[in-house]
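Before any comments, here is the structure.
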2 protein chains.
Amino acid sequence: MAIYLTIATQLRDEIRSQYTHGDLLPPEHQLAKRFNVNRHTLRRAVDELVHDGLVRRFQGVGNQVVSTPIDYALDHPSCFSHNLSKMGLPLDTEVLGCRQEPLGEVLAERLQLPPDTPVVVIRTCRCIDDKPSTLIRHHLFNVDLQQMRRFSSGSLHRFLEQSYGFQANRGTTRLRTRMPTFDECGQLAIGRGIPVMEIHSRYHLKESGALMEYAISISRGDLFEYSVEP
Amino acid sequence: MAIYLTIATQLRDEIRSQYTHGDLLPPEHQLAKRFNVNRHTLRRAVDELVHDGLVRRFQGVGNQVVSTPIDYALDHPSCFSHNLSKMGLPLDTEVLGCRQEPLGEVLAERLQLPPDTPVVVIRTCRCIDDKPSTLIRHHLFNVDLQQMRRFSSGSLHRFLEQSYGFQANRGTTRLRTRMPTFDECGQLAIGRGIPVMEIHSRYHLKESGALMEYAISISRGDLFEYSVEP
DNA sequence: TGAGCGTATTTGTATAGACAACCACGATGG
DNA sequence: CCATCGTGGTTGTCTATACAAATACGCTCA
C-alpha cells in the first residue's frame, strides 16, 4: 500500500477522534516531518481527505476540518429562509436578475403547460455568513414583472404574500446530486471537487391549488443536509 | 491561471473534438514534452480530467478517454427514476456481510440509546443490471443474528415480515451528498468525479412505533433522483 | 504450437528544492 | 485611534530525478 494512502487513513482516524469542525490541521511541513515523508507525499495524503470532503484547504491559512452540514427540513411547507433563520445564521438574499420570458419547451412538457406561457424568472443567490450557498431560479406564474422587480431582498414568499396575498403549499420536490458546472463553481465560490444538490420544487396556491412557482435551486452539497419527516 | 489548469482546458477541448471513448491519450512524457512542462505538471493536468470523469488511468497501458462530455442540462427529465424496479430493470441484492455488534457511540448519541445496545448489521449491495448502484448498512434492532444470516437476497423488509411479522413505517429520512471515499469508488465501480447520495433512514414498527432499523445507504449520484411528495 | 521469460513502455510513487500567492498579525506612522 | 506596511508563516505550483509496479509484446525454448 502506498505511503500516502496509509497516512491518509491515519489522518482520517485522527480527524474523526481528535478534531472538531473548523479545527486547523497542523501545517503540512510539520505533518510531513512527523510522518517522515516529503511535503509532497503528505500533500498527496491530504488530497485524499480533501477529496473525501473531510478537509478544506485555505491558502495562507491552513487545512481545515470541514463543518457539519446545515440541516434543512423539506417537509415543512415553510420556505427556505424560515428554516435557516431558525438556526440563527445570518442569511441574505441577493437578486441576480428578474425578467419575463416564455416558459420554454422543457419546463412546458414537465408542467403540462403551453410553451409560450409567460413566467417571471427571478434568479437569486442565498448567502450565509456572506458566503454564497445556494443559487435559485424562481419561475413565477401569474405575477407582474414590474411588481416583482421591486423584490430586492428577504423572503420571496413573504413578498408574494404581501403583494398578491399568495399563500403557498409545497408540492412535489425532486432532489438529485451532481458536480457543479464551471459557472456554478464561480458563483458559489467552490472548487470542482464539491458536489451540489439540485432541487426542483413546486409551490401551489393554498386556495386554488394552481401552480404558483417552479423553483430550481443549486446548493452547496457540503453545507446542507435535507431531512424528510414522515 | 496555473499552467496545469490551462493544459487541462486544452486537453478537454481536444478530447471533445478529436477523441472518442476508448481512445488512449498520448503517453504522459510525450504530452509533457509537447506542452513544455515537467511530467508532474502534465499529470496534474490529467488529474483534472480524471476528476471530471473524462479520463481513466491504466497503469502500464495509458490514459483512456472514458466517454463524451457529460451534459449537465436538466433538459432530459426522462433519465433517472427513484423507483427503478418500475422501469423493469433487473434489480439484485447481494449480502456483503452480517454480524452482531454494539451500536457504537456515534449512532448511540444520534438515536438516544445506550452505546452497547446490540444490533445486527447487514451490509448489502444493490445491483442494477449487474452493476452496483447502492451500498447499504442496515442496523437492525431486536432481531436474531442466526435468523438474519439466512437472509441472502430479495427484499429485507419482506424477509423481516416473514420472519418476525415486523411491519415497518418509514420515519425520519436525511439526505446529503458528498464525494465517494476510496473504498466506495471501488465497490460502486465509479470514478472519483461522481458524487454519491448518502441517506439515513429510520424505520419503526407499525404496531409499537419502536425503532426497528437504522439504514445508511450510499447511492451513485448519477443514477438516482429522489422525490418527496407533499 | 504453446507456455514462459525478458524487455520496453507506461503509469505510480516518493524525494528534493525553489519560488509564488496568500493571509494573519504586529509594528509603524499619521 | 486608525490606516498602512512589512514580515513571517502557510498553502500552491513547478521543476528535476529516481525507482517501483503493471502491462504488452516479442522472443526463446520445450
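Chain A is the first sequence line, chain B the second, and so forth, proteins listed ahead of strands; every chain is numbered from 1.
When atom types are taken as modelled, the side chain of A:His139 and the backbone of A:Tyr214 share a donor-acceptor pair closer than 3.5 angstrom.
Using a 4.5 Å heavy-atom threshold, the side chains of A:Thr173 and A:His200 count as separate. In this structure, the side chains of B:Thr9 and B:Thr6 stay at 4.5 Å or more apart for every pair of heavy atoms. You'll find the side chain of B:Ile15 reaches within 4.5 Å of the side chain of B:Val55, heavy atoms only.
Distance B:Phe35 CZ to D:dC14 P: 13 Å, rounded to the nearest Å. Atom-to-atom, CZ of B:Arg56 to P of D:dT23 comes out at 13 Å; the value is rounded to the nearest Å.
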B/S/- along nucleotides 9-15 of chain C (protein heavy atoms under 4.0 Å) is -BBBBBB
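Using modelled atom types, one finds no donor on one side chain facing an acceptor on the other under 3.5 Å when comparing B:Arg220 with B:Ser133.
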